[in-house]
Amino acid sequence: MGEHADTHTWMHRGFFALLAFAIIVAQLVPLDMRPNLWAGPDLLLTVTLVWVARKPKYLPVPVIAGFFVMADFLFMRPPGLWAALIVVLTEIIRRQHRDFRNMALLVEWGTVAIGIIGITVANRLVLAIVMAPQAPLTLALTEMIATILVYPAVVIVAHYAFGVTRSAPGEVGSKGQRL
C-alpha cells in the first residue's frame, strides 16, 4: 500500500493512456457507413492484456476500469459489464504474473486466449439473461478470434516500441521494490 511508483512506471502509464485514447478515437471515427460483415480486433483489450501480463504494476485496476467504463459509454455498450469482465480477467492474469515470466509466448498466448474466450462467453450470457440487444454472433466471434490472433503482434510492438518486457526474476524497481 505504501509503494510509490517511480518515473519509469508513470511514463509507461502515460504511454498506455495516450495509446488507449488513440485506439478509442480511431474506433469512433466512421470509415464506412455500411454495416460491417466482420469485426476487427479489440485492440484496447489486447493492449491492456499485454501490459498486465508483462508489467502488471504499469496498469493499476482504477486505470483499467476507468478506460473501459469510458469505452462502454462511448461505444454504447451496457455500462460496466464489459469493464467488469476485463477487470476480473486482468486480475487473474496479474495474480499469475510470476508464472508468465517463465512461459513461452505460445503458452502465454493460449492462456490469454482462454481468458478472452471466457469473458466473451460471459458477456454474451449476461446480455442474454437480461435480454439486452446483442451484436450478431458472427460479429462477436470474428472480433474474439481477431483479438486472439493479433495478440503476438501487440506483444512485439509493446516490446520494441514501448519497452514493455517481462519482469526478470529478482528484478527490482528504482526504489528497491520487487517487480
**Q** Which distance, rounded to the nearest 0.5 Å, do you find between the CD of Gln96 and the OG1 of Thr111?
**A** 6.5 Å
**Q** Side chains of Pro78 and Leu127, heavy atoms from C-beta outward: is any pair under 4.5 Å?
**A** yes
**Q** Does the gap between the ring centers of Trp51 and Phe16 come in under 6.0 Å?
**A** yes
**Q** Taking all non-hydrogen atoms of both residues, which atom of Leu89 and which atom of Gly115 are closest, and how far apart?
**A** CD1-CA, 3.5 Å
**Q** Could you tell me if the side chain of Leu85 sits less than 4.5 Å from the side chain of Thr120, heavy atoms only?
**A** no
**Q** Do you know which two heavy atoms are closest between Ala65 and Ala83, and how far apart they sit?
**A** O-CB, 4.4 Å
**Q** Do Phe75 and Leu28 come close enough that some side-chain heavy atom pair is under 4.5 Å?
**A** yes
**Q** Do Leu81 and Asp72 have side-chain heavy atoms sitting under 4.5 Å apart?
**A** no
**Q** Are Val157 and Val50 packed together at the side-chain level, in the sense that at least one heavy-atom pair is separated by less than 4.5 angstrom?
**A** no
**Q** So His8 and His12, would you call those rings parallel, tilted or perpendicular, with 30° and 60° as cut-offs?
**A** tilted
**Q** Counting only N and O atoms by type, is there a donor-acceptor contact under 3.5 Å from the side chain of Arg13 to the main-chain atoms of Lys57?
**A** yes
**Q** If you compare all heavy atoms of Arg77 against all heavy atoms of Ala71, which two are closest, and at what distance to 0.1 Å?
**A** NH2-CB, 3.5 Å
**Q** Quick one: pull up CE in Met11 and CG in Asp6 and give me the separation to the nearest 0.5 Å.
**A** 9.0 Å
**Q** Say whether, by atom type as modelled, one donor and one acceptor occur between the side chain of Thr165 and the main chain of His159 under 3.5 angstrom.
**A** no
**Q** Would you call Trp82 and Ile119 a side-chain contact if the rule is heavy atoms closer than 4.5 Å?
**A** yes
**Q** Rounded to the nearest 0.5 Å, how far does CD1 of Ile23 lie from CG of Leu43?
**A** 5.0 Å
**Q** Would you say that Ile116 contacts Tyr151 through its side chain, given a criterion of any heavy-atom pair below 4.5 Å between the two side chains?
**A** no
**Q** Assigning hydrophobic clusters by single linkage (Ile, Leu, Val, Met, Phe, Trp, Tyr; side-chain heavy-atom cutoff under 4.5 Å), is Ile114 placed with Ile117?
**A** no
**Q** Would you say Leu106 and Val154 are hydrophobically clustered, going by side-chain heavy atoms of ILVMFWY under 4.5 Å?
**A** yes
**Q** If every non-hydrogen atom of Ile148 is compared with every non-hydrogen atom of Ala113, which pair is closest and at what distance?
**A** CG2-CB, 3.7 Å
**Q** According to ring-ring contact (aromatic ring centres under 6.0 Å, His included), who are the partners of Phe21, at least two apart in sequence or on a separate chain?
**A** Phe67
**Q** Find out whether Arg54 and Glu108 are in side-chain contact, i.e. whether some heavy atom of one side chain is under 4.5 Å from a heavy atom of the other.
**A** yes
**Q** Please report the shortest heavy-atom distance between Gly40 and Glu143, naming the atom on each side.
**A** O-CG, 3.3 Å
**Q** Atom CG of Leu49 and atom CD1 of Ile86: how far apart are they, to the nearest 0.5 Å?
**A** 7.5 Å
**Q** Quick one: do Val121 and Leu141 end up in the same hydrophobic cluster if we chain Ile, Leu, Val, Met, Phe, Trp and Tyr together by side-chain heavy atoms under 4.5 Å apart?
**A** yes
**Q** Do Val150 and Leu105 share a hydrophobic cluster (ILVMFWY, side-chain heavy atoms under 4.5 Å, transitive)?
**A** yes
**Q** Roughly how far apart are Leu44 CG and Gln27 CD, rounded to 0.5 Å?
**A** 7.0 Å
**Q** Does Trp109 belong to the same Ile/Leu/Val/Met/Phe/Trp/Tyr cluster as Ile156, with side-chain heavy atoms less than 4.5 Å apart forming each link?
**A** no
**Q** Between atom CG of Leu45 and atom OG1 of Thr48, what is the distance when rounded to the nearest 0.5 Å?
**A** 6.5 Å
**Q** Please check: side-chain N/O of Arg94 versus main-chain N/O of Leu59, any donor-acceptor pairing under 3.5 Å?
**A** yes
**Q** Set out, in order, the CA-CA distance, both residues' side-chain angles and the distance that settles side chain to side chain contact (heavy atoms under 4.5 Å, CB included) for Leu19 and Phe162, then state yes or no.
**A** CA-CA 10 Å; Leu19 191 59; Phe162 299 106; 4.0 Å; yes
**Q** How far apart are the closest heavy atoms of Ala39 and Ala146, and which atoms are they?
**A** O-CB, 4.1 Å
